[in-house]
Asks: 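Dropping a structure here in structure tokens format, bear with me for questions.
Note that ligands are numbered from 1 as they come in the structure, with each ligand's atoms numbered from 1 the same way. Every value quoted in this text rests on a predicted model; they were computed, and no experiment measured them.
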Amino acid sequence: MDSVSSLVKVSLPNYLRNLPIPQSLTGFFHLSASEWVSLIPFVGTVSFVIYASVKACAPPLLEFSRKTSHMINPNIRKDEKKVVDFLEVEDLASEKVSFCRCWKSEKFPYCDGAHREHNEETGDNIGPVVIKRKAK
Ligand code: FES
């Protein structure tokens, strides 16, 4: 433990203190070749730490973003793996039934007109699927 303590409290500060880091950005143009060479281990280590941190954190964030940005169903029956509804045409209670395709209806799977507000807000042109009873 003494070696770690010595490394953190003595060696590392001495190493950093002796790095030829200029006071301003233009000072980098005045560094000699040997000063640039002495910066390589420090820049390499810092770059690796940044790269490793981004590599460790970015994939879960990118995966979450990819999954949520392509979702079209914001909140309907999210506990189901796939939302599927069946209706026998003979069971139609009225002359026609409108089925929601915008996933905004409070009466899903039936259309309640919520697509109009969605279309006004987004400039989209979504409408329902309308099933009509065939005239006899
Ligand atoms: S409410 Fe969704 S299509 Fe009408």
Asks: Does the Glu35 side chain pair with the main chain of Ser32, one donor and one acceptor, at a distance under 3.5 Å?
Replies: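 The answer is yes, because a donor-acceptor pair under 3.5 Å joins these two groups.
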
Asks: Sub-3.5 Å donor-acceptor pair from the side chain of Lys78 to the main-chain atoms of Asn73, do we have one?
Replies: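 Yes: the side chain of Lys78 pairs with the backbone of Asn73.
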
Asks: Has Cys100 got an N/O/S atom less than 2.8 Å from atom 4 (Fe) of ligand 1?
Replies: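 No, outside the cut-off.
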
Asks: So do Asn119 and Arg116 actually touch side chain to side chain, heavy atoms under 4.5 Å?
Replies: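 When only atoms from C-beta onward are counted, Asn119 and Arg116 do not touch, as no gap falls below 4.5 Å.
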
Asks: Measure the distance from atom 4 (Fe) of ligand 1 to every protein heavy atom, then report the residue, atom name and distance (to 0.1 Å) of the closest one.
Replies: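 Atom 4 (Fe) of ligand 1 sits closest to the protein heavy atom His115 ND1, 2.1 Å.
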
Asks: Within the structure provided, determine whether Leu25 and Phe28 are in side-chain contact (heavy-atom separation under 4.5 Å).
Replies: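 Sidechains of Phe28 and Leu25: in contact.
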
Asks: Relative to the heavy atoms of Arg101, which atoms of ligand 1 are at a distance of less than 4.0 Å?
Replies: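 Numbered from 1, ligand 1 contributes 2 (Fe), 3 (S).
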
Asks: Could you tell me which atoms of ligand 1, counted from 1 in the order shown, lie closer than 4.0 angstrom to a heavy atom of Ala114?
Replies: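 Under 4.0 Å from Ala114, ligand 1 has these atoms: 1 (S).
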
Asks: Would you mind running through ligand 1 and noting each atom that sits below 4.0 Å from a heavy atom of Asp112?
Replies: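 Near Asp112, the atoms of ligand 1 are 1 (S).
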
Asks: Before accepting this row, confirm whether a basic side-chain N of the pair Arg77/Asp85 lies closer than 4.0 Å to the acidic partner's carboxylate O.
Replies: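 Salt bridge: yes.
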
Asks: Side chain, backbone, both or neither: which applies to Ile126 and ligand 1 if a contact is any heavy-atom pair less than 4.0 Å apart?
Replies: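 No part of Ile126 comes within reach of ligand 1.
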
Asks: Between Trp103 and Phe108, what is the ring plane arrangement, given parallel below 30°, perpendicular above 60°, and tilted in between?
Replies: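 Ring orientation, 0 to 90° scale: parallel.
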
Asks: Heavy-atom contacts with Ser105 under 4.0 Å: which atoms of ligand 1 show up? List them by number with element.
Replies: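 By the 4.0 Å cutoff, the relevant atoms are 1 (S).
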
